[in-house]
Every structure is written in C-alpha cells, then in structure tokens.
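This report concerns only the one structure given below.
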Amino acid sequence: MPHLTLQYAGPVEATVDMTSACRELHAAMLATGLFELGAVRVRALKADHAAIGDLLPHNSFVDMILRIGTGRSAEEKKAGGDAIFAAAGAIFAPLLAEPHFALSLEIIEIDPALSWKRNTMHPRLRNAEKDRP
C-alpha cells in the first residue's frame with residue numbers, strides 16, 4: 001500500500017512531463033527497497049481551480065501525499081521520504097529554480113483496521129519475481 005498522489009496546479013505541465021514524473025517517482029519508490037512492485041501506485045491529479053500565493057499566473061505547486069501501510073520503522077519511513085523527495089527535487093528542478101513554485105511531501109500511515117484492499121497483481125508479480133534468473 002504505497003500510493004503516491006501528486007496534486008498540482010499552475011503551469012507545471014508546461015515544464016515537466018507528468019507521465020514521466022510518475023514513472024520516475026515509481027522507480028524511486030522501488031529503489032528504496034521498502035515497497036513491493038505490485039503495491040506501488042503513483043498518480044498525478046491536476047487541480048483545475050486553485051488560488052496560489054500572491055495569485056501571480058506563474059505560481060504553481062506539487063503537493064505529494066504518500067499513503068503507506070504499517071510495519072516500517074521511523075528510520076525506514078524517513079529514508080524512504082528523503083529518497084522520494086530527492087527524486088522529486090530533481091524532476092521539478094526547473095520549477096524550483098524559479099520563485100513561483102512550492103514542492104511538498106507528507107507520509108501518512110494507514111490504520112490497518114480501517115483499510116480494505118484486494119490486489120490481484122501481488123500473486124502474479126510475486127511469481128514473476130521468483131522465476132527471474
């Protein structure tokens with residue numbers, strides 16, 4: 001259950017290919033070693049309506065929320081967050097170079113008693129990983 005949601009507004013897509021950004025962040029999440037392939041989800045949602053800072057048309061943001069299941073230590077969560085935020089910093093570097101952009105990441109741990117899931121990808125991907133040389 002690592003789901004990374006990027007909510008963004010402003011002229012972000014004029015500078016960054018958001019499909020590529022999702023794929024790069026997906027790779028960064030897997031590279032941490034904290035998450036299974038079949039569980040990782042990265043999605044970007046554009047906020048069509050927003051009021052940002054001093055309302056200049058160049059203002060933009062990307063707000064990332066990483067929802068994860070329980071079972072990781074504080075150190076693992078911190079290291080994972082650092083790695084994902086570093087990857088995002090590289091992806092959005094052109095926007096961070098301008099005084100009109102905000103980037104954020106928050107990790108939310110899901111209470112397992114209040115979370116329901118069914119995932120048919122896990123068995124398929126776990127078997128594929130066992131069969132790799």
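Nothing fancy with the numbering, it's 1 onward along the sequence.
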Kindly compute the distance separating CD (Glu36) from CE (Met121), expressed to the nearest 0.5 Å.
11.0 Å
ring-ring contact (aromatic ring centres under 6.0 Å, His included) pairs touching residues 69-89, sequence neighbours excluded, are none
Mind checking whether Ile84 and Leu4 have side chains closer than 4.5 Å, heavy atoms only?
yes
Kindly say whether Gln7 contributes a backbone atom to a donor-acceptor pair with the side chain of Asp63 at under 3.5 angstrom?
no
Please answer whether the main-chain N or O of Arg41 pairs with a side-chain N or O of Arg43 as donor and acceptor at a distance below 3.5 Å.
no
Suppose the criterion is ring-ring contact (aromatic ring centres under 6.0 Å, His included): which pairs have a residue in residues 29-77, not counting sequence neighbours?
His58-His100
Taking only residues two or more places apart in sequence, or in another chain, which ones meet Glu106 in a side chain to side chain contact (heavy atoms under 4.5 Å, CB included)?
Ile65, Ile108
Side-chain donor-acceptor pairs under 3.5 Å in residues 89-99, sequence neighbours left out?
none

So which heavy atom on Thr32 is nearest to which on Gly80, and how close?
CG2-CA, 4.1 Å
Taking all non-hydrogen atoms of both residues into account, name the closest pair between Phe101 and Leu103 and its distance.
CE2-CB, 3.8 Å
Kindly give the heavy-atom pair with the smallest separation between Gly38 and Leu125, and that separation in Å.
CA-CD1, 3.3 Å
Would you mind telling me which of Leu105, Val42, Thr5, Ile107 makes a side-chain contact (heavy atoms from CB on, under 4.5 Å) with Met64?
Leu105
For residues 1-34, the ring-ring contact (aromatic ring centres under 6.0 Å, His included) pairs (sequence neighbours left out) are none
Just verifying a value: how many Å separate Leu6 CG and Lys46 NZ, rounded to the nearest 0.5 Å?
14.5 Å
What's the spacing between Met18 CE and Glu24 CD if we round to 0.5 Å?
10.5 Å
Using the rule that Ile, Leu, Val, Met, Phe, Trp and Tyr join whenever any side-chain heavy atoms are under 4.5 Å apart, tell me whether Leu25 and Leu45 fall into a single cluster.
no
Please walk me through it: do Glu109 and Arg67 pass salt bridge (Lys or Arg N to Asp or Glu O under 4.0 Å)?
CA-CA 6 Å; Glu109 197 169 58; Arg67 296 172 34 242; over 6 Å; no
Determine whether Leu37 and Met29 fall in the same hydrophobic cluster, where Ile, Leu, Val, Met, Phe, Trp and Tyr are linked whenever their side-chain heavy atoms lie under 4.5 Å apart.
yes
Heavy-atom nearest pair, Pro11 first then Pro57, reads CD-O, 3.7 Å
Within a strict 4.5 Å, meaning less than it, do heavy atoms of the Asn59 and Asp54 side chains meet?
yes
Kindly say whether Ala39 contributes a backbone atom to a donor-acceptor pair with the side chain of Asn119 at under 3.5 angstrom?
no
Are the side chains of Ile68 and Arg72 in contact, using a 4.5 Å heavy-atom criterion?
yes
Does one hydrophobic cluster hold both Val12 and Ile52, with members joined at side-chain heavy-atom distances below 4.5 Å?
no
All side chain to side chain contact (heavy atoms under 4.5 Å, CB included) counterparts of Thr19, not counting sequence neighbours:
Asp17, Arg23
